[in-house]
Amino acid sequence: MNKNRQFKLARRPQGMVQRADFEFVETPVPEPGEGQFLVKNEYLSLDPAMRGWMNEGKSYVPPVGLGEVMRAGAVGRIVASKHPQFAVGQHVVGLFGVQDYAISNGKGVTPVDPELAPLPVYLGTLGMPGMTAYFGLLEVGQPKPGETVVVSGAAGAVGQVVGQIAKIKGCRAVGIAGGADKCRYVVDALGFDACIDYKAEDVKKALKTHCPQGVDVYFDNVGGDILDAVLTQLAMHARIVICGAISQYNNTAPVKGPSNYLSLLVHRASMKGMVVFDWADRYGEAAREMAGWLASGRLKTREDIAEGLETFPETLLKLFKGENIGKLVLKL
Ligand code: NAP
C-alpha cells in the first residue's frame, strides 16, 4: 500500500534551518471526502518565505503550527476526486505541503496545463515568484523607459524575471548576485546590462560604474548591507520595492536596518513593501502576458531541480547558501 511521506514542523528553528526542526513521518494515503480531491505532488516549490512561516508570531500569513505538515506550494496531479470542478488526471497548483499526497477542497487551487509549459515553470516564472516580479516591478516600482532598474538576488526565481521585464519595458537592468557564474547567467543568458558580484566586488563602487545616472528603481530581495549600499546611489524620485530580505531571515540578532535611509529624504525617494497575494485577482492577466513573452523568447526562465522528498531540509538550505540558479524546486 502507498504511504504518504510527510515533513512536519517539529520545533521553531533558531538561526539556520536544520533537519531536526522537522519530523519525517509516513502515514496512510488519505481518501477524499465529499467536495474534496486527492493530489499526488510532483514538484514542490522551495521558497525563502518558508523560513518565515516557521517562526512564531504575526506575519502576512499565520505561522505553520508545531506538528503540522510544513507549508509549501506544489504542482501535482489529481488521483481521486469527489469534487464537481476537479477531475482525476488534471494538474493543479496549490499549497499542498511537503508531502507526497494532499487532500484539498479546491480553495486557492489553480488548474495548469503541462502542454503549455513544463510543470516546474508553474512554480516559478508562471507562478508565485513570477507574479511577484511582475506586480512588484510594474505596480510598485513603476519603471519608465530609459530608467535604471537594479535588482538583488538577480539570478534567483524572482530576480531573473524582474531584470528581464525591466528590459522589455525599455529600462537599463543591473543585477546584483553572488558569484561569477550567476553574473554570467544574468548578463549572457538573460540580457541584463550588467551584474555586480557582491561576493567579489565593492557594491557601492560598482553601482557608481554601472548606474552613472543613479538608481531609479531598486527591487530589493536581500536587505541588509546591499540595501544600504544601493541607498547611497539613488536617483531623484527613486522607488525602492521591498520584496524580501533573505540576508536577515536566519539571523538570531535583530534585523539590520538601513543606516543610509536619509538618502530617501535627499532624493525625494520612496520605499514600499509588497506582498504578491494583494494582486491575486490579476494573476491571470500577468500569466497570459508572461506566457506570451516566454513563447516569443523575450523572457527566459530557469528552474533548478533537486530530487527526492527525503532531501527536503538540505535542499531548502540551498536558498540560504546561494546554491540555486533560477527557481528552486524539488521533484518528488
Ligand atoms: P531565490 O532568489 O531564487 O533564492 C534565494 C537567493 O538569495 C540565493 O540563491 C542567494 O543568491 C540569495 N541570498 C541568500 N542569502 C543571501 C545573503 N545573506 N545575502 C544576499 N543574498 C543572499 O529566491 P526567490 O524565491 O526568488 O526569493 C527572492 C526574495 O523575494 C526573497 O527575499 C523572498 O522572501 C522574496 N519574496 C517575496 C515575495 C513577496 O510577496 N513579497 C514573494 C516571493 C518572494 P546569491 O547567490 O546571489 O546570494
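Nothing fancy with the numbering, it's 1 onward along the sequence. Start at 1 and go down the list; that is how both ligands and their atoms are numbered.
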Query - Nitrogen or oxygen atoms of Val222 and ligand 1 under 3.5 Å apart - result: no
Query - Protein contact of atom 47 (O) of ligand 1 - nearest heavy atom, named by residue and atom, plus distance - result: Gly178 N, 2.8 Å
Requested in this report: Can you sort out which atoms of ligand 1 are near Ala177, meaning under 4.0 Å from one of its heavy atoms?
Outcome: 47 (O)
Query - Within-cut-off N or O pair, Ala157 and ligand 1, under 3.5 Å - result: yes
Query raised in the report: So which bit of Cys243 gets within less than 4.0 Å of ligand 1, heavy atoms only: side chain, backbone, both or neither?
Result: both
Query raised in the report: Has Tyr261 got more than 12 heavy atoms of other residues, nucleotides or ligands less than 6.0 Å from its OH?
Result: no
Query raised in the report: Please state which protein non-hydrogen atom is closest to atom 38 (C) of ligand 1 and give its distance, to 0.1 Å?
Result: Thr132 CG2, 3.6 Å
Query raised in the report: Got more than 12 heavy atoms from elsewhere within 6.0 Å of NZ, Lys205?
Result: no
Query - Protein heavy-atom partner closest to atom 25 (O) of ligand 1 - residue, atom, separation in Å - result: Pro48 CD, 3.3 Å
Requested in this report: Report yes if the side chains of Leu264 and Leu231 come closer than 4.5 Å at any heavy-atom pair, otherwise no.
Outcome: yes
**Report entry** Note, Met290 side chain near Ile165 side chain (heavy atom, < 4.5 Å)
**Finding:** yes
Query raised in the report: Do the numbers put Arg302 on top of the ring of Tyr185, so that NZ or CZ is under 6.0 Å from the six-membered ring centre and no more than 45° off the axis?
Result: yes
Query raised in the report: Can Val25 be reached from Leu44 by stepping across I, L, V, M, F, W or Y side chains whose heavy atoms are under 4.5 Å apart?
Result: no
Requested in this report: Give me the ring orientation class for Phe22 and Phe7: parallel if the planes are under 30° apart, tilted from 30 to 60°, perpendicular past 60°.
Outcome: perpendicular
**Report entry** Charged N-O contact under 4.0 Å between Asp47 and Lys327
**Finding:** yes
Requested in this report: Give the single entry among Phe320, Tyr198, Phe219, Phe277 that approaches atom 20 (C) of ligand 1 most closely by any heavy atom.
Outcome: Tyr198
Report summary line: The protein heavy atom nearest to atom 16 (C) of ligand 1 is Ile246 CG2, 3.9 Å
Report task. Heavy-atom contacts with Ser247 under 4.0 Å: which atoms of ligand 1 show up? List them by number with element. Result -> 17 (C), 18 (N), 19 (N)
Query raised in the report: Should Tyr249 be counted as touching ligand 1, given the test is an N or O pair under 3.5 Å?
Result: yes
Query raised in the report: Can you find a pair of side-chain heavy atoms, one from Arg172 and one from His210, that are under 4.5 Å apart?
Result: yes
Query raised in the report: Are Leu328 and ligand 1 in contact, using a heavy-atom cut-off of under 4.0 Å?
Result: no
Requested in this report: For atom NZ of Lys204, decide whether the heavy atoms of other residues, nucleotides or ligands shown that lie under 6.0 angstrom number more than 12.
Outcome: no
Query - Nearest-contact summary for atom 10 (C) of ligand 1 - protein heavy atom, Å - result: Gly322 CA, 3.6 Å
Query raised in the report: If you measure only the distance, is there a donor-acceptor pair under 3.5 Å linking the side chains of Glu303 and Tyr43?
Result: no
Query raised in the report: Is ligand 1 under 4.0 Å from a heavy atom in the side chain of Lys318, in the backbone, in both, or in neither?
Result: neither
Query raised in the report: Does the N or O separation between Asn324 and ligand 1 drop below 3.5 Å for any pair?
Result: yes
Query raised in the report: Does Glu285 CD have over 12 foreign heavy atoms under 6.0 Å away?
Result: yes
Report summary line: What one should report as the nearest heavy-atom pair of Ser81 and Val88 is N-CG2, 3.8 Å
Query raised in the report: Between Lys3 and Asp100, is the closest basic N to carboxylate O distance under 4.0 Å?
Result: no
Query raised in the report: Of Lys182, Arg302, Lys327, which has the heavy atom at the shortest distance from atom 46 (O) of ligand 1?
Result: Lys182
Query raised in the report: How does Lys321 reach ligand 1, by side chain, by backbone, by both or by neither, if only non-hydrogen atoms under 4.0 Å count?
Result: neither
Requested in this report: State the atoms of ligand 1, each with its element, that fall below the 4.0 Å cut-off from a heavy-atom position in Gly326.
Outcome: 3 (O)
Query raised in the report: Do any heavy atoms of Gly224 fall under 4.0 Å from ligand 1?
Result: no
Report task. Identify, for atom 2 (O) of ligand 1, the protein heavy atom at the shortest distance, and state residue, atom and that distance. Result -> Gly156 CA, 3.3 Å
Report summary line: Honestly, for Ala245 the part within reach of ligand 1 (heavy atoms, under 4.0 Å) is backbone
Query raised in the report: Who's closest to atom 6 (C) of ligand 1 heavy-atom-wise, of Leu319, Ile325, Val158?
Result: Leu319
Query raised in the report: Considering only the protein, which heavy-atom contact is closest to atom 32 (O) of ligand 1, and what is its distance?
Result: Asn221 O, 2.8 Å
Query raised in the report: Below 3.5 angstrom, do we get any N/O pair linking Met274 and ligand 1?
Result: yes
**Report entry** Carboxylate-amine/guanidinium contact Lys256 Asp225, below 4.0 Å
**Finding:** yes
**Report entry** Distance-only N or O hit between ligand 1 and Val276, under 3.5 Å
**Finding:** yes
Query raised in the report: Just distances here: any N/O of Asp47 and N/O of ligand 1 closer than 3.5 Å?
Result: no
